[in-house]
Amino acid sequence: MTNLNEQIVCLICARGGSKGVPKKNIRSFFGKPLIAHTIELAQSIDKISEVIVSTDDEEIAKVSKQYGATDLCWVQRKSLKHLNNSRIS
């Protein structure tokens, strides 16, 4: 049973430093940035009351706001970039 006062928040994590496809989150995909499709899908779900995008990239933050993401969390992680050990297989 769902509490009527309950709010569901969608958190979208969008890292800026893709190695495989540079700037993939803001690249056009079927006429709009890839991140826009994710935001719009989350907004279309009735039970989701808020869509938040967490990113370390200013461009992703800007595009996310343009497509209606609210309470945008822009996390500055420049000091942690040296810890990125992800690999492409």
Undergrad: What pair of heavy atoms forms the shortest contact from Ala14 to Ile35, and how long is it?
TA: CB-CD1, 3.7 Å
Undergrad: Closest approach of Ser54 and Leu11, non-hydrogen atoms and distance?
TA: CB-CD1, 4.0 Å
Undergrad: Any side-chain heavy-atom pair from Arg27 and Leu34 closer than 4.5 angstrom?
TA: no
Undergrad: Are Val53 and Phe29 joined in one hydrophobic group, where the rule is that I, L, V, M, F, W and Y side chains link up if heavy atoms are under 4.5 Å apart?
TA: no
Undergrad: Quick one: does Ser28's side chain have a donor or acceptor within less than 3.5 Å of a partner on Pro33's backbone?
TA: no
Undergrad: Could you check if a side-chain atom of Asn25 sits within less than 4.5 angstrom of a side-chain atom of Ser18, using non-hydrogen atoms only?
TA: no
Undergrad: With a 4.5 Å cut-off on side-chain heavy-atom distances among I, L, V, M, F, W and Y, is there a chain of contacts connecting Ile48 to Ile12?
TA: yes
Undergrad: Hey, quick one: are Leu41 and Val63 part of the same hydrophobic cluster, counting side-chain heavy atoms closer than 4.5 Å, chains of contacts allowed?
TA: no
Undergrad: If you look at every heavy atom in Ile39 and Ser64, which pair is closest and at what distance?
TA: CD1-CA, 3.7 Å
Undergrad: Looking only at non-hydrogen atoms, find the nearest pair between Lys32 and Tyr67 and report the distance.
TA: CB-OH, 3.7 Å
Undergrad: Check Asp57 against Gly16 and note the closest heavy-atom contact, atom names and distance.
TA: CB-CA, 3.8 Å
Undergrad: Kindly give the heavy-atom pair with the smallest separation between Gly68 and Gln43, and that separation in Å.
TA: O-NE2, 3.2 Å
Undergrad: Decide yes or no for Asp56 and Arg15: does some side-chain heavy atom of the first lie under 4.5 Å from some side-chain heavy atom of the second?
TA: yes
Undergrad: Side chains of Gln66 and Lys62, heavy atoms from C-beta outward: is any pair under 4.5 Å?
TA: yes
